[in-house]
Amino acid sequence: MSMENRKVRVRFAPSPTGPLHIGGVRTALYNYLFAKKHGGDFLLRIEDTDQDRFVPGAENYIIESLKWCGICPNEGVGFGDGHHAPYRQSERKPMYRAYAEQLIASGNAYYAFDTKEELDEMRKRMEVSGGTHAYNAITRQTMKNSLTLPEDDVKQRIEAGQAYVVRIKIPRNEEVRVLDLIRGWVIVQSSQMDDKVLFKSDGMPTYHLANIVDDYTMQITHVIRGEEWLPSAPLHVLLYRYLGWENVMPQFAHLPLLLKPDGNGKLSKRDGDRLGFPVFPLEWNDPATKEVSSGYRERGYFPDAFINMLALLGWHSSGNQELFTLEELVNEFSLERVSKAGAKFDPEKAKWFNQQYLRKRSDEELTELWMPELTEKGVKADQTYIRKAVHLIKEKGNFLHEFWSLGSYFFIAPEKYDADVMKKRWSEGSSKFIAELKGAFETMEGFSSATTEVQFKTTAEKMGIPPGQVMQLLRVCISGLGGGPALFGIIELLGKDEVVRRLEKMLDVK
RNA sequence: GGCCCGUUCGUCUAGGGGUUAGGACACCAGAUUUUCAUUCUGGUAACAGGGGUUCGAUUCCCCUACGGGCUACCA
């Protein structure tokens, strides 16, 4: 089958060594968008070839994160098997050895018996002499491997059960070219590469071998991954070549890294703790340290807002649009528009995205989302009333969890009054004004925002007080807070009886 | 150290051989006819430096600087 008419198939291939951080989520997102855009498949493969680094719960965390974000793979661990199961490399273990042996047979790989100590010693030696400390075309001649040892010695060692690894035999001096969809041609001299281990002494392949074998057998057409993989891309190209798969080798795209908001460097777990914003999509309880790391979900972010925010970190459409639904992202996405430079993460903009999505939610939907908290607080109000309150509150908040502190006064008369405003605005004549206003309100027939506002102003003017001087005071009497939605909208919704009661209460307190 | 990648407002970015270098976040100022945390309007603010190529470069090339990544029997 030629490359051109193959169905697009991409994969997200994390290692279950801990919670997925937002950089990983963005990689998954771009893979998802690319797949959907081209009517292709998006699969999840778990790269657990390093059994020492296995963290319980990490795999499930990855699956739950993708689900929460709404970017579900259509194939893979946790999402149903396709034709290429299993999708966990530990379960694919039996298939890798044959490929390592194929590479040995074709002269592109070899057995190496060096111990950890011998390797350390070699590296030290090379560093002293100023050279690179790599296992390569030069240094391998001085090491214990099937290139330097007699054939029967090698055979004997293997039969005796001596530990060995399989290393790729990188050519002495050859130009290796990788075409990256984001960066163009990247050219590396093989003299700068080293004989990476492909197959470990514990019987597992390393990432490099497993990755190539799986991408080939799973018919992956595009490898979209983080920039930290760019240096090993030439190695991967060589592996495709030596395995005889170069004609179906996937195309590569290395994504720019997500950088910490201050200073420089890759965004890490520590930055979140230090700067007070989540680095993970979901809250994570570390099973070993018992440490808890906060998540976007638990902080009250909407998944679509979170995804929208991540999509714009390293990618931009041709226009000025910044708010995209998932469907719009799918339509607009292209690797050509992914930027090359790393993107500093901005927690402030993340909040702004959530605010935008909060506003986009209907009053009905927000009411429904808020109901559990209201019920828990013992609020007994009818749906229409709550919906109207929500309508006023949502213009002032960024998160649903702020609603109660922003608008509890719609359900409970304030217990406390904003101290700053009281100090600044309460004066000798204030009681008189409140009493006067209460009386005026009581006599009103209707009680709309328009009529109460007129009543308020005439009362103030009658007493020779500029309305602006007592407006915020009235707000505090009604809500206890110094700021909030349009005041007379609140007054209308609360209704005459309640407003009068609250004015009375203020007079009692003062 | 070596190799690789990168560099437009503080941040995310658009743009591209001739532009008033555009948008968004943040910030500041006015307005919403007299409250505020919303909204609206406006403003401050950028092509890392040096050489080329060219009539002309921020845009193309080279060098330097700076930043980042990789350099494990980790992914």
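The basis for the numbers below is simple: all heavy atoms, side chains too, and nothing from hydrogens, waters or symmetry mates. Protein chains get the first letters and strands the later ones, always in sequence-line order, with residue 1 at the start of each.
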* Asked: What parts of residues 460-467 of chain A reach RNA chain B, counting only heavy atoms under 4.0 Å away?
  ->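 Result for residues 460-467 of chain A: A:Glu461, A:Pro467, sorted by number.
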Is the distance between the ring centroids of [X] and [Y] less than 6.0 Å?
| X | Y | result |
| --- | --- | --- |
| A:Tyr357 | A:Phe306 | no |
| A:Phe456 | A:Phe441 | no |
| A:Tyr30 | A:Phe333 | yes |

Interatomic distance at C1', B:A24 relative to B:G43, whole Å: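 So the two C1' atoms sit 16 Å from each other.
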### Pairwise C1' distance for B:A31 and B:G69, with rounding to whole Å
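The answer is 49 Å between these two C1' atoms.
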task: Scan A:Lys116 against the nucleic acid and name what it touches under 4.0 Å (heavy atoms): base, sugar-phosphate only, or nothing.
output: nothing
So A:Gly226, base contact, sugar-phosphate only, or nothing? Heavy-atom distance under 4.0 Å.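 Result for A:Gly226 = nothing.
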If you compare every side-chain N and O of [X] against the phosphate oxygens of [N] (OP1, OP2), does one of them come in below 4.0 Å?
| X | N | answer |
| --- | --- | --- |
| A:Arg359 | B:U39 | yes |
| A:Thr17 | B:A75 | no |
| A:Ser318 | B:A14 | no |
| A:Lys349 | B:U13 | no |
| A:Arg337 | B:C12 | no |
| A:Lys200 | B:A75 | yes |

- Query: So, are A:Arg88 and A:Asp48 salt-bridged, with charged N and O less than 4.0 Å apart?
  - Reply: no
- Query: Charged N to carboxylate O below 4.0 Å: is that the case for A:Lys360 and A:Asp304?
  - Reply: no
Open item on the list: For B:C73, does the base pair up with any side-chain atom of A:Ser201 as donor and acceptor (N or O, under 3.5 Å, distance only)?
Closed with: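 Such a pair is found, so the answer is yes.
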- Can you check whether any acceptor in the base of B:C5 is under 3.5 Å from a donor in the side chain of A:Arg183, or vice versa? no
Checking N1-N3 plus N6-O4 or O6-N4 for Watson-Crick, or N1-O2 and O6-N3 for wobble, each under 3.5 Å, the partner of B:C66 is B:G6
By nearest-heavy-atom nucleotide on RNA chain B, the more 5' of A:Gly314 and A:Pro205 is A:Gly314
Provide, to the nearest angstrom, the distance between the [atom1] atom belonging to [X] and the [atom2] atom belonging to [N].
| X | N | atom1 | atom2 | answer |
| --- | --- | --- | --- | --- |
| A:Glu227 | B:C3 | CD | P | 17 Å |
| A:Phe353 | B:U13 | CZ | C1' | 11 Å |
| A:Asn398 | B:A37 | CG | C1' | 10 Å |

Has the side chain of A:Thr148 got a donor or acceptor atom that lies under 3.5 Å from a matching backbone atom of A:Met143?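 It does hold such a pair.
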**Asked** So, the side chain of A:Ser190 versus the backbone of A:Pro171: is there a donor-acceptor pair under 3.5 Å, distance only?
**Response** yes
